[in-house]
Each structure stands twice: as structure tokens, then as C-alpha cells.
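Before any comments, here is the structure.
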Amino acid sequence: MKLKSHINDIIKDAFTKAGIAHEPMSVSEASKPEFGDYQFNGAMALSKKLGKNPRAIAQSIVEHLDLTGVLSKAEIAGPGFINLWLNPLWIATQCQSALEDERVGVSTKENPIKVVVDYSGPNMAKQMHVGHLRSTIIGDTLANLLTFLGDEVIRQNHIGDWGTQFGMLIAYLEMKDEDGTVTLKDLEQFYKDAKGEFDANADFANKAREYVVKIQSGDAHCLNLWKKFIDISLGHCEEVYEKLNVNLMRDDVRAESFYNDMLPKVVDSLTGKSILQESDGAQCVFLEGDEVPVIVQKADGGYLYATTDLAALWYRAEVLGAKRISYVVDARQAGHFKQVFRIAKEAGFVSEEVKLEHIAFGTMMDKSGKPFKTRDGGTVKLIDLLDEAVIKAKETINNKEEYAPEQIDELAKIIGIGAVKYADLSINRESNYIFNWDKMLSFEGNTSLYMQYAYARIQSIFRKYNAPIEGSIVIGDALEHRLATMLLRFEDLLSRAAVDASPNQITTYLYELATLFMRFYEQNPILKDGVEEEVKMSRLQLANLTAKTIKQGLDILGIKVVDKL
RNA sequence: GCACUCUUAGCUCAGCUGGAUAGAGCAUCGGUUUGCGGUACCGAAGGUCGUGAGUUCGAAUCUCGCAGGGUGUACCA
């Protein structure tokens, strides 16, 4: 239900009938319930253009408004605000059809595009740490959201599988893995041990350097070792994805090494376009307005990550055919992406109409506002954080005796992981945020547990009722009216969140929806004695649509729901 | 130095393309109960939106200056 555009159409129609030859601005949600459901603020803006009093303009718009279908009432207020009320009958039928639709009334895009979402991007030399959480879940949410809205989404996991450190790592792997059963359970430790050996043992260090060259020149033995190492390391990541309920598969992996062959071509074609300059022996692109150049080839002939990113941009735009390419990467790389995007466009690797965007996000901080670290200052492994979340979640479960142990584990997993994800996704992605266990595992405020509780509470109504639901939705009081309107806004909200790539718009919406439902439910009994059958049926259906919408919203965030908790 | 970014209630955060008296949650104080899940709901109190100017009928939102914090700044990714 594209609610806003329905209303905009009516306004536009009124403009035409009133003889106003300007494109109306979009309506917005009313800032207060007293002001109706939507408001149109365009009359004031037109005042100067038309040389008329804004209230008079508002008056002539209102006179021509169609109040027979979608809208039922319009009022002029203050200097020329037009407050609009939706027709309760219309709302009711729309909710009814949303309820019958498995997409809860959300249509699919008329003009879907191909979108590449680049996210997660772990380094294969190390274990995933908390720094990877945000990219992974924000990216996954964006990919889920765009997919749901109908775009063709290509997920790309740009893993770091190339670089000098792999020479050392595979040399060490070869040394330790005589029987072929090394699991690299602790990659951090493995890396440290290898580094220790590298520093202490000159022979080993030489071998490590030799292996770097050998991988690059395609030596079969070294390549096999490397592949084995990557395979095991990727397996660890997949374990994390599985726990996180993140939709990244082997097929989505397009590693750094994938672009190796394209790197010389990138530099060549830049040379051909004369954007390139040599400086201190390195091949550089000097962008106007930037002090420092972007180096695409080192003095020793090696390539850098800017080169790889340029190759990836070309590949994604030209080979994959993406019209929107979204990089979900830490905000600290803003400068890098700005430069790389500019080069890609100027050099024609990516055509003008392709939208390149850096979906930047802030850093996760601890309670004292410092970057999140372990007690001894090390990085926190993501898997440890998630395991801890599950343990803590278990403590929040009431009436444990009602469940079998496996059920409790399953429940704790959903709740714990959901809490971590929700807490992260509910923060405006661009700001840094403070990681707080107590807050995220609280039932109060905009938390996943409040959402879960609201959902479970509705499910409990249906467990209790458990009979066919007939009849239709009828909007009774103001609270029902607001709840129903809120439900119909779902698609507008998702579209907006997709454009801005901001998951927190979804959580904010869901929280408002859940709060509204709780209030509605508090005031309007459903199954209590004395509720008329027709009213009961109507309210049951509103409750049902609320639950479905919450479930769908959380599903986009990659958070599962439970019927009982 | 330069560039980017942030600064909203005691705390943690919303605030969409500029719109009416700036909103939540926590904490504080008070209320609702023979409760369809009270892990809920209602209310009070709490803000010169860092600061100074500008644009505008109208600015937390746009522009500029200043202060304070964060980040980035040529051969790592």
C-alpha cells in the first residue's frame, strides 16, 4: 500500500482543479493526532509564487479535494496547514486486503533494478571480531529489504584472501599440519604463533617470503595450501553467519584474489585515459581538490586496495550489470570510497547513471565510550560475543520448567542473537554507539524483547481463541484508526528505509507499531466478556495484521520471532 | 595544517524532502490490577537542539564563522 502516493495523487488532482500550475510537495505524516493522519504544508510555500494569502490557497485546495474515497475530512489550520483525515471505511478495506496478502500489502517494485550489496568482508587471516558485526548485519538487512521490495540483489562478500601475510600463514600451516587435520580453531593464536616463528626463525621467514611469491606465480603446492587455509577460515565465518541468521553463502564470496588478473588492466586503461601520473615511481591518480593522490600501483609494481576496488567496481557495473552498488563499510573509509568512486566514474569504469554509495557506519563503543575491546585490550571475537548473548538471553526466560532443554537453547539463541542485532540496527548507522548488555536485553524501550513480547502476546490471543475468524475490519475508536493507519504505512516506511539504507527506520516503525498496539489492546478488549462478536472479529484481525507486520519487519532485519517466551 | 564527521532532557537515543507547543526509553516521582501474557498501560517532571550570525512567512534540519569531540590524511587493507 503506497499510502502517501495515494494521498499525493488526490492533492495533485485538487491542484489541477483549482488551477494551480505548480507541482505540489509531498504530504507528510501528521505531527500530532489532533492534526489528523497526514498534513499538506505546501500552501505556505506557494504563497509567494502565487502572490496570494496562504490560507486562501489552502482554502481553494481544500474545496477541490476529493473527500469521497481515501480521505474523509480536511481542515485548514494556522497559517495554512491542511490537515487530512483518512476515511475509516477505506482504511478498513485496505487493512482487510493487506491481511489476505502474504506480503502484508506491500507491493513489489514496478521498475526493479540490479543492486550489488557489498558487506561483511572479513579478513581470512584473522577471526571475525566485533568490528565485522555492523557491516554484516546492516548489509544483510539492506539486501533483505531490497529483495523484499523486488530488486534483484547480488550479495557480495569481498573477503580479504590476498596479501603478504598469507605466505607466512601457509608456511606455518604446512609445518603444523603434518597429518592434515588442523582446524585453525583459534585463528588469532595461529597468526600469533606464525608471526612468532617468523620473527624467531630466519629459515622460516625466508620460506614465508618465498611462499608469497609462489602463490602469486601459481605454484600448485602453495596454492593448495592457500586454498585449504582460506577454506577453513571461511568455514569459521560461515559458522558466525549461521549463528547470526545472516544470508551470506559460499556463492556470494567474491574474494580480493578474484580481481587479481584485472589489476594490470585497470592501470592500463587509466593510462590510456591520461588520468594517471607517475610520482616517486608509483602510478598515481591526482584528483582535483585532493592533496594526496590515490596510488594504484606501487613503485615496486605491486597493486593496492584502491586498484582492487576499481576492478571490483568495473566488474559489478559492467559484468554483473548493477545499477546501484552499495558498500557497507566502516565510516573511516569514507575518504577512500569517495576517491575510488570518482575515479571509477571519471575513467568510465562505471557509467554515470549507476549509483555508487558508501553505506557508512560508526564504531561500536564500550560503556565508557571507548572502542570495544577485551579486558586486556585485544579485539573481541564475534563468535564469543554471540555465545555470551545466548547465555545471557537464557537468564531472561521465565518458566523454564515449561520447556525441554533443547527448546530453551533454541529460544535463547533467537532471543540473544536477536537482541544483539536489534540493538545495533536500531541505532542510526552513521553514529557510534555504546554497546550495553543490560539495555539490549531489557524488555523496556525500543528493544528486541519488547518486540518479541508484543508479538508473543498477540500469538497468545490466538492460542486462546483458536477458532475461525469471520467478518470484516471495522474502525471503531481513534486508537484503532491510528493503529490501522500505522499498519498501512508499512510500505512507505520500507521504501524510505531502502533509499536511505537505514535499518533504524524499520526498528523505529516497529517499535511505534508495537507501542500503539499495546495501547490499543489495553483500551480495547478482544476476548473479554461482553465484547460484541463483530467487534471481536474486527479486533482479532487488526491484531493479526499487527503480528504479521511485526514478523515481516523483523524478518527483514534477520530476526526470528517466537510464539511464546 | 587540510578534509570529513559529530555535538538534541541527568543517561542512551529518535527527529524523513525546513513546518504548528522538539519526541521516546532508562533513571526520578505518582497512578491503573478479581490482568484477553502487568516483562503491560497512563500521568508528572525534565531541553535557550554546542555557540554566534545568515537565508526563509517559518530552522534541530539549509549556509557561513567559532568552540569542543571523533576519524582520515601517498606506496597496509
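Here is how names work: the chains are called A, B, and so on, in the same order as the sequence lines, proteins then strands, and each is numbered from 1.
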I'd like the [atom1] distance from [M] over to [N], given in whole Å.
N       : M       : atom1 : value
rU71(B) : rG25(B) : P     : 33 Å
rC11(B) : rU48(B) : P     : 13 Å
rA20(B) : rA53(B) : P     : 23 Å
rG69(B) : rA24(B) : P     : 33 Å
rC4(B)  : rC49(B) : C1'   : 23 Å
rG54(B) : rC13(B) : P     : 34 Å
rA74(B) : rA3(B)  : P     : 16 Å
rG68(B) : rU51(B) : C1'   : 10 Å

State which of [options] makes the closest approach to the side chain of [X].
X         : options                   : result
Arg519(A) : rA40(B), rC42(B), rC13(B) : rC42(B)
Phe443(A) : rC36(B), rU39(B), rG72(B) : rU39(B)
Gln39(A)  : rA40(B), rA14(B), rA20(B) : rA20(B)
Ser28(A)  : rA77(B), rU17(B), rG37(B) : rU17(B)
Ser279(A) : rC2(B), rA74(B), rC16(B)  : rA74(B)
Val292(A) : rG70(B), rC36(B), rA74(B) : rA74(B)
Thr515(A) : rG37(B), rC41(B), rC16(B) : rC41(B)
Leu304(A) : rU71(B), rC76(B), rA74(B) : rC76(B)
Asn504(A) : rG37(B), rG19(B), rG15(B) : rG15(B)
Phe35(A)  : rA77(B), rA20(B), rC4(B)  : rA20(B)

Check your understanding: Cationic tip of Lys126(A) within the cone over Tyr191(A)'s six-membered ring, i.e. under 6.0 Å and within 45° of the normal?
Key ->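 That pair qualifies as a cation-pi contact.
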Point to revise | Atom pair CE (Met486(A)) and CG (Leu510(A)), whose distance is rounded to the nearest 0.5 Å | key: 8.5 Å
Are there any protein N/O atoms within less than 3.5 Å of an N/O atom in nucleotides 23-27 of chain B, and if so, which ones and at what distance?
none

Taking all atoms of both residues into account, what is the closest heavy-atom pair of [X] and [Y], and its distance?
X         : Y         : answer
Thr507(A) : Ser426(A) : OG1-CA, 3.2 Å
Ala30(A)  : Phe35(A)  : CB-O, 3.9 Å
Leu540(A) : Leu527(A) : CD2-CD2, 4.3 Å

Point to revise | Side-chain heavy atoms of Leu276(A) within contact of Gln297(A), under 4.5 Å | key: no
Review point. Is a donor-acceptor pair below 3.5 Å formed from side chain Glu291(A) to base rG1(B), judging by atom type as modelled?
Key: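 Side chain to base: pair found, below 3.5 Å.
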Is there a donor-acceptor pair closer than 3.5 Å between any side-chain N or O of [X] and the backbone N or O of [Y]?
X         : Y         : value
His132(A) : His129(A) : yes
Glu23(A)  : Lys12(A)  : no
Arg539(A) : Pro525(A) : yes

**Study point:** Distance-only polar pair, side chains of Arg254(A) and Tyr315(A), donor-acceptor under 3.5 Å
**Key:** yes
**Study point:** Any side-chain donor near an acceptor of the partner, Tyr259(A) and Asp309(A), under 3.5 Å
**Key:** no
Point to revise | Rounded interatomic separation in angstrom, taking CD1 from Ile295(A) and P from rU73(B) | key: 12 Å
Review point. Whole Å only: how far is the CD atom of Glu430(A) from the P atom of rG69(B)?
Key: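 Glu430(A) atom CD is separated from rG69(B) atom P by 22 Å.
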Exercise for review: Report yes if a side-chain nitrogen or oxygen of Arg332(A) is closer than 4.0 Å to either non-bridging phosphate oxygen (OP1 or OP2) of rA77(B); otherwise report no.
Suggested key: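 No, Arg332(A) has no side-chain N/O under 4.0 Å of OP1/OP2 on rA77(B).
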Check your understanding: How are the rings of Trp162(A) and Trp226(A) set to each other: parallel, tilted or perpendicular (split at 30° and 60°)?
Key ->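 Taking Trp226(A) first and then Trp162(A), their aromatic rings stand perpendicular (interplane angle over 60°).
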**Study point:** pi-stack flag for Tyr453(A) and rG37(B), centroid dist under 5.5 Å, interplanar under 30°
**Key:**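 It does not: the ring fails the test against the base of rG37(B).
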Check your understanding: Which dot-bracket string describes RNA chain B (Watson-Crick N1-N3 plus N6-O4 or O6-N4, or G-U N1-O2 and O6-N3, all under 3.5 Å; [ ] crossing; | other strand)?
Key -> (((((((..((((.....[...)))).(((((.......))))).....(((((..]....))))))))))))....
For nucleotides 56-59 of chain B, which of its nitrogen or oxygen atoms have a protein nitrogen or oxygen under 3.5 Å away, and what is each distance?
{"from": "rC57(B)", "atom 1": "OP1", "to": "Lys48(A)", "atom 2": "NZ", "distance (Å)": "2.2"}

Point to revise | Candidate pair Met262(A) and Tyr303(A), rule side chain to side chain contact (heavy atoms under 4.5 Å, CB included), full reasoning | key: CA-CA 11 Å; Met262(A) 305 175 204; Tyr303(A) 300 100; over 6 Å; no
